[in-house]
> 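Let me give you the structure first, and then I'll get to my questions.
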Amino acid sequence: MGPLTVSPMGFGTWAWGNQLLWGYQESMDSQLQDTFNLALENGINFFDTADSYGTGKLNGQSERLLGKFIREFQGRKAFQDDVVIATKFAAYPWRLTPGQFVNACKSSLHRMQIEQIGIGQLHWSTANYAPLQERALWDGLVAMHEKGLVRAVGVSNYGPKQLLKIHDYLKARGVPLCSAQVQFSLLSMGRDQMEIKKLCDSLGIRLISYSPLGLGMLTGKYSPSNLPQGPRGLLFRQILPGLEPLLSSLKEIAGKRRKTMSQIPIPVGNVYAINDALSAEGAADDYETCLKHLVKNRTIEVSEVNGFPKFDLMLLGMGPDGHVASLFHGHPLVKENKKWVTFIKDSPKPPPERITLTFPVINASAHIALVVVGAGKADAVRSTLGSDQDTDLLPVHMVSPDGKLNWFLDKGAASKL
């Protein structure tokens, strides 16, 4: 994350000090310390807080507790030294100058009793109601970075347009935008979130997903007859009944995998969807750019055999005509060996416009699972796996990974073997 190395999963501290929404009581502090210790001892080193976390007289309590827990941690000092703190500075209406924003940063440092913050973040944008203040706050981020008060800067609750603007502004000032916090979960996957995700990937900004468990609704802990106290209870009462199909699915998956429901939701930040708002050609270019960024930041490895991106697992299906992905028999794209992602506008099967990974990318995979269902595909299966293999080369015959290939067939698909 910029100049910092952080754990893939972070620890949010919104609840610490918040009596209204989360029911915090100071008697909970020893349990919170134990929770902090457990996280740190198990590899989590990224902790997110804010100067506004804490209600009433407890304003700033989250930062105070986080600093205290770090100081009083009794485990390995290496864990303690490795902690990265990201805090957010509120865009309060009385913070009108860069100097006032720098002073807010200094106050946070004092509350946590640390010398430098990992990531200093602007908590929200004021562009829609106070655009002049917005520019002053951006200059405040630059100033706190230049003074060495923070190692990196980020934003929170920014839309795609403002995110691009602040990225370009900070870049011109010589300060890279390190991160962007967005509410992301199975309950919040709208067009804006996906657009922000794509923008972050293209600009090298690390996306931080907050509330990934939907304020607790995706944990399985609550139901219409078992609601949390306070405002969350009122919210949950309205939303939970409609979530029953989703929660039932999560519970079933968790049971099969012997996990808790909280461990099941896929982080939305790990989903790289095709941009269907673009043309086929544009979507292919966009997706290849995304893959190249993932290779650059080492999220995806590169095959030592052919230099193409190496996926841990590639899940493929097969059509009755032996096509895989969107690579069809007799089409020139089956011979594409330069591009990672390409497009087709004349697909023999609907829809006519598609994008697809190319064979060099498919075959660079460490594992390929080829799943085939239905008797209508039995001839293509026999031509590939049977003793009388067809000499006519089908796309499925070209699936030959550097790693392992496993076929999964139902009875119909295997009926002619």
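Just so you know, these numbers come straight off a predicted model, no measurement behind them.
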> With side chains defined as the heavy atoms from C-beta onward, is the minimum distance between Thr358 and Asn337 less than 4.5 Å?
no
> Assess whether side chain to side chain contact (heavy atoms under 4.5 Å, CB included) is satisfied between Ile208 and Val182, documenting all intermediate values.
CA-CA 6 Å; Ile208 302 172; Val182 183; over 6 Å; no
> If we count only N and O atoms by modelled type, under 3.5 Å, do the side chains of Glu63 and Thr49 hold a donor and an acceptor together?
no
> What do the steps show when you test Glu252 against Ser249 for side chain to side chain donor-acceptor pair (under 3.5 Å), and what is the final call?
CA-CA 5 Å; Glu252 180 182 355; Ser249 295; 5.5 Å; no
> Quick check: does any side chain N or O of Asn406 sit under 3.5 Å from a backbone N or O of Leu370, one acting as donor and the other as acceptor?
no
> Check whether more than 12 heavy atoms from other residues, nucleotides or ligands sit under 6.0 Å from atom CG of Asp81, and answer yes or no.
yes
> Do Ser125 and Glu134 have side-chain atoms, one donor and one acceptor, less than 3.5 Å apart?
yes
> Hey, what's the ring geometry for Phe308 with Trp340, parallel, tilted or perpendicular (30° and 60° as the breaks)?
tilted
> Closest heavy-atom contact between Pro351 and Arg354?
O-NE, 3.2 Å
> Show the nearest heavy-atom pair for residues Tyr287 and Tyr272, with the distance to one decimal.
OH-O, 2.8 Å
> Could you verify whether a donor N or O on one side chain and an acceptor N or O on the other, from Asp48 and Gln181, lie under 3.5 Å apart?
yes
> Under a 3.5 Å threshold, yes or no: a donor from one side chain and an acceptor from the other, between Tyr92 and Asp51?
no
> Could you tell me whether a side-chain N or O of Arg71 sits under 3.5 Å from a main-chain N or O of Gly67, the two making a donor and an acceptor?
yes
> Which atom names give the shortest non-hydrogen contact between Ile117 and Ser108, and what distance separates them?
CD1-CB, 4.2 Å
> May I ask you to check whether Ser303 and Asp402 show a side-chain donor-acceptor distance below 3.5 Å?
yes
> Can you confirm whether Lys198 is buried at NZ, in the sense that more than 12 heavy atoms of other residues, nucleotides or ligands lie under 6.0 Å from that atom?
yes
> Please check: side-chain N/O of Gln100 versus main-chain N/O of Trp94, any donor-acceptor pairing under 3.5 Å?
yes
> Could you tell me which non-hydrogen atom of Phe359 sits nearest to which non-hydrogen atom of Pro395, and how far apart they are?
CZ-O, 3.3 Å
> Is there a donor-acceptor pair under 3.5 Å between the side chain of Arg64 and the backbone N or O of Gln113?
no
> Report yes or no: do Thr260 and Ser262 form a side-chain donor-acceptor pair below 3.5 Å?
no
> Hey, are the side chains of Gln121 and Val155 touching, using non-hydrogen atoms and a 4.5 Å cut-off?
no
> Are any of the side-chain nitrogens in Arg191 or Glu195 under 4.0 Å away from the carboxylate oxygens of its partner?
no
> Could you check whether any side-chain N or O of Asn45 sits under 3.5 Å from a backbone N or O of Asp82, counting only pairs where one atom can act as donor and the other as acceptor?
yes
> Answer yes if the side chains of Ser156 and His123 hold a donor-acceptor pair under 3.5 Å, and no otherwise.
no
> Where do Thr35 and Gln31 land on the side chain to side chain donor-acceptor pair (under 3.5 Å) test, with the steps shown first?
CA-CA 6 Å; Thr35 308; Gln31 187 178 7; 5.5 Å; no
> For Ser62 and Thr13, indicate whether the former's side chain and the latter's backbone hold a donor-acceptor pair under 3.5 Å.
yes
> Are Leu316 and Val396 side-chain neighbours, meaning at least one heavy-atom pair lies under 4.5 Å?
no
> Could you check whether atom CG of Asp312 has more than 12 heavy atoms from other residues, nucleotides or ligands sitting under 6.0 Å from it?
no
> What's the verdict on side chain to side chain contact (heavy atoms under 4.5 Å, CB included) for Leu394 and Asp321, showing C-alpha distance, side-chain angles and the deciding distance?
CA-CA 8 Å; Leu394 300 177; Asp321 58 355; over 6 Å; no
> Measure the CE-NZ distance between Met398 and Lys335 for me, rounded to the nearest 0.5 Å.
8.5 Å
> Any chance you could lay out the ring pair (Phe, Tyr, Trp, His ring centres under 6.0 Å) test for Phe101 and Phe89, step after step, and finish with the verdict?
CA-CA 8 Å; Phe101 216 44; Phe89 309 114; 5.8 Å; yes
> Report yes if the distance between the aromatic ring centroids of Phe11 and Phe46 is under 6.0 Å, otherwise no.
no
> Inspect the surroundings of CD in Gln263 and state if more than 12 heavy atoms from other residues, nucleotides or ligands are less than 6.0 Å away.
yes
> Would a distance-only check, ignoring hydrogens and angles, find a side-chain to backbone donor-acceptor pair under 3.5 Å from Ser185 to Leu213?
no
> Taking all heavy atoms of Ile70 and all of Val83, pick out the closest pair and write down the distance.
CD1-CG1, 3.7 Å
> Check whether Thr356 reaches the backbone of Ser326 with its side chain - one donor and one acceptor, N or O, closer than 3.5 Å.
yes
> Mind listing the closest non-hydrogen atom pair of Pro309 and Val295 along with its distance?
CB-CG2, 4.0 Å
> Quick one: does any side-chain atom of Thr126 pair with a main-chain N or O of Tyr129 as donor and acceptor, under 3.5 Å?
no
> Taking the side chain as every heavy atom from C-beta outward, state whether Val175 and Leu141 have any atom pair closer than 4.5 Å.
no
> Within the structure provided, determine whether Val150 and Ile119 are in side-chain contact (heavy-atom separation under 4.5 Å).
no
> Between Gln133 (side chain only) and Leu96 (backbone N and O only), is there a donor and an acceptor less than 3.5 Å apart?
no
> What is the ring orientation for Trp138 with Tyr169, classed by angle as parallel under 30°, tilted 30 to 60°, or perpendicular over 60°?
tilted
> Leu122 versus Lys88: any side-chain heavy-atom pair under 4.5 Å?
no
> Phe69 and ring pair (Phe, Tyr, Trp, His ring centres under 6.0 Å): which single residue from Trp16, Phe47, Phe79 fits?
Trp16
> Ser347 and Glu353: side-chain donor and acceptor closer than 3.5 Å?
no
> Answer yes if the side chains of Gln33 and Asn37 hold a donor-acceptor pair under 3.5 Å, and no otherwise.
yes
> Quick one: OG on Ser7 to CG on Leu40, what's the gap to the nearest 0.5 Å?
9.5 Å
> What do the steps show when you test Asp201 against Lys197 for salt bridge (charged side-chain N to carboxylate O under 4.0 Å, His left out), and what is the final call?
CA-CA 6 Å; Asp201 290 341; Lys197 176 68 173 64; 2.7 Å; yes
> Indicate yes or no: at least one non-hydrogen side-chain atom of Met314 is less than 4.5 angstrom from one of His367.
no
